[in-house]
Participant: 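Please find one structure pasted underneath; my questions will follow.
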Amino acid sequence: MKKKAEEGVRLYREYYAVKGIFENKVYPGITHLLKKCREQGKKVILATSKPQIYAKQILKHFELAEYFDDIQGSSMDGSKIHKEDVIQSALSDNQITDMQEVLMIGDRKHDVLGSGKFGISCVGVLYGYGSREELETCGAKWIVDTVEDLEAFLERI
């Protein structure tokens, strides 16, 4: 069973590395929001569960990498696989110590729970993969429906 699982992971990574990473779509309004954050001098860091090497390629492919100060993701060798590991790496690599100055934006429970381990506030977004129930159950303090709602939320804080 373990060998089949390892083979499945290998085949998935083989496909994803060449084709799958480019089968994503940019949410409408995200480029505008990222530009606005950049213009306002906000530091924008990606902390994703995707392997870091793929995250960088995806953002570059969709011409979004320029809006990020740092791109953090999981490691292919298994040394950084949990969301809290990625968040810890993002915080330490960027010398961030004041968690009151940080806001996590996430669409899954791992984002909410991972940021909570560091005392970071998190706004859940429903335009991603998670549901309202998932985000509420794990304790998201705020939840927004759309990218436009997120933009309005960010203007208020």
Participant: Side chains of Ile105 and Leu150: does their closest heavy-atom pair fall under 4.5 Å?
Facilitator: yes
Participant: For the hydrophobic clusters of this structure (ILVMFWY residues joined by side-chain heavy atoms under 4.5 Å, transitively), does one cluster hold both Tyr67 and Val147?
Facilitator: yes
Participant: List the atom of Gly106, the atom of Asp111, and the distance in Å for their closest heavy-atom pair.
Facilitator: CA-OD2, 3.3 Å
Participant: Would you say Ile71 ends up clustered with Leu64 if hydrophobic residues are merged whenever their side chains have heavy atoms under 4.5 Å apart, either directly or through other cluster members?
Facilitator: yes
Participant: Who else is in Leu113's hydrophobic cluster (ILVMFWY, side-chain heavy atoms under 4.5 Å, direct or via others)?
Facilitator: none
Participant: To the nearest 0.5 Å, how far apart are OG in Ser75 and CD1 in Ile53?
Facilitator: 11.5 Å
Participant: For Gly73, does its backbone N or O pair with a side-chain atom of Gln52 as donor and acceptor, under 3.5 Å?
Facilitator: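 Flag set: sc Gln52 to bb Gly73 pair under 3.5 Å.
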Participant: Got more than 12 heavy atoms from elsewhere within 6.0 Å of NZ, Lys80?
Facilitator: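 Yes, NZ of Lys80 has more than 12 neighbouring heavy atoms, counting only those of other groups under 6.0 Å.
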Participant: Going from NZ on Lys42 to CG on Leu154, what distance comes out if it is rounded to the nearest 0.5 angstrom?
Facilitator: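 These two atoms lie 5.0 Å from each other.
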Participant: Output, in order, the C-alpha distance, side-chain angles, deciding distance and verdict of side-chain contact (heavy atoms from CB on, under 4.5 Å) for Thr48 and Val86.
Facilitator: CA-CA 7 Å; Thr48 181; Val86 177; 5.8 Å; no
Participant: For residues Lys83 and Ala47, report the shortest heavy-atom separation together with the two atoms involved.
Facilitator: NZ-O, 2.8 Å
Participant: At what distance, to the nearest 0.5 angstrom, does NE2 of His110 lie from SG of Cys122?
Facilitator: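 Taking NE2 in His110 and SG in Cys122, the distance rounds to 12.5 Å.
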Participant: What residues, two or more places apart in sequence or in another chain, satisfy side-chain contact (heavy atoms from CB on, under 4.5 Å) together with Glu6?
Facilitator: Lys2
Participant: To the nearest 0.5 angstrom, please state how far the NZ atom of Lys141 sits from the OG atom of Ser121.
Facilitator: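 Lys141 NZ to Ser121 OG: 5.0 Å, rounded to 0.5 Å.
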Participant: Salt bridge between Lys56 and Asp70, side-chain N to carboxylate O under 4.0 Å?
Facilitator: no
Participant: Salt bridge check, Asp145 against Arg132: does any charged N sit closer than 4.0 Å to a carboxylate O?
Facilitator: yes
Participant: Under a 4.5 Å side-chain heavy-atom rule over Ile, Leu, Val, Met, Phe, Trp and Tyr, are Leu59 and Tyr54 clustered together?
Facilitator: yes
Participant: My understanding is that only residues two or more places apart in sequence, or in another chain, count here; which of them pass ring-ring contact (aromatic ring centres under 6.0 Å, His included) with Phe153?
Facilitator: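 For Phe153, the residues satisfying ring-ring contact (aromatic ring centres under 6.0 Å, His included) (neighbours in sequence not counted) are Trp142.
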Participant: Do Glu136 and Ile143 make a side-chain contact, defined as non-hydrogen atoms from C-beta onward lying under 4.5 Å apart?
Facilitator: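 Glu136 reaches Ile143 side chain to side chain.
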Participant: List the atom pairs, donor and acceptor, that lie under 3.5 Å between side-chain atoms in residues 7-21 and the rest of the protein, sequence neighbours left out.
Facilitator:
{"from": "Glu7", "atom 1": "OE1", "to": "Arg10", "atom 2": "NE", "distance (Å)": "3.1"}
{"from": "Glu7", "atom 1": "OE2", "to": "Arg10", "atom 2": "NH2", "distance (Å)": "2.7"}
{"from": "Arg10", "atom 1": "NH1", "to": "Glu14", "atom 2": "OE1", "distance (Å)": "2.8"}
{"from": "Tyr15", "atom 1": "OH", "to": "Glu23", "atom 2": "OE1", "distance (Å)": "3.0"}
{"from": "Tyr15", "atom 1": "OH", "to": "Glu23", "atom 2": "OE2", "distance (Å)": "2.6"}

Participant: Do Ile58 and Phe22 share a hydrophobic cluster, counting only Ile, Leu, Val, Met, Phe, Trp and Tyr and linking them when any side-chain heavy atoms are less than 4.5 Å apart?
Facilitator: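 Yes, Ile58 and Phe22 fall within the same hydrophobic cluster.
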Participant: Take a 6.0 Å sphere around NZ of Lys60 and say whether it holds more than 12 heavy atoms from other residues, nucleotides or ligands.
Facilitator: no
Participant: Is it true that a side-chain atom of Ser89 and a backbone atom of Asp85 form a donor plus acceptor pair closer than 3.5 Å?
Facilitator: no
Participant: To the nearest 0.5 Å, how far apart are CD in Glu134 and CZ in Arg108?
Facilitator: 4.0 Å
Participant: Tell me who clusters with Ile45, hydrophobic residues only, linked when side chains sit under 4.5 Å apart either directly or through other members.
Facilitator: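 Its cluster partners, ordered by chain and number, are Ile87, Leu91, Ile96, Met99, Val102, Met104, Phe118, Ile120.
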Participant: With rounding to the nearest 0.5 Å, note down the distance linking NZ in Lys4 to CE in Met1.
Facilitator: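 CE of Met1 is found 7.5 Å from NZ of Lys4.
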Participant: Any donor-acceptor pair under 3.5 Å linking the side chain of Asp107 with the backbone of Leu126?
Facilitator: no
Participant: Should we say atom CD of Glu63 is surrounded by more than 12 heavy atoms from elsewhere, each under 6.0 Å from it?
Facilitator: no
Participant: Transitively linked via ILVMFWY side-chain contacts under 4.5 Å: Ile157 with Val44?
Facilitator: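 Ile157 and Val44: one cluster.
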Participant: Can you list the residues that meet the salt bridge (charged side-chain N to carboxylate O under 4.0 Å, His left out) rule with Lys36, with sequence neighbours excluded?
Facilitator: Glu151, Glu155
Participant: Ignoring hydrogens and geometry, is there a side-chain-to-backbone donor-acceptor pair from Arg38 to Leu33 under 3.5 Å?
Facilitator: no
Participant: Using a 6.0 Å cut-off, check whether atom NZ of Lys117 has over 12 heavy atoms from anything other than its own residue.
Facilitator: no
Participant: Considering non-hydrogen atoms only, spot the tightest contact between Asn94 and Ala90 and give its length.
Facilitator: ND2-O, 2.8 Å
Participant: Below 4.5 Å, heavy atoms only, C-beta onward: do Gln72 and Asp93 meet side chain to side chain?
Facilitator: yes
Participant: So which heavy atom on Pro28 is nearest to which on Glu148, and how close?
Facilitator: O-OE2, 4.4 Å
Participant: If you count every heavy atom of other residues, nucleotides or ligands that lies below 6.0 Å from Gln100 atom CD, does the total exceed 12?
Facilitator: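 Result for CD/Gln100: open.
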Participant: Using side-chain heavy atoms (C-beta onward) and a distance below 4.5 Å, is Ile30 in contact with Tyr127?
Facilitator: yes
Participant: Using a 4.5 Å cut-off on heavy atoms from C-beta on, say whether the side chain of Ser49 contacts that of Ser74.
Facilitator: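 When only atoms from C-beta onward are counted, Ser49 and Ser74 do not touch, as no gap falls below 4.5 Å.
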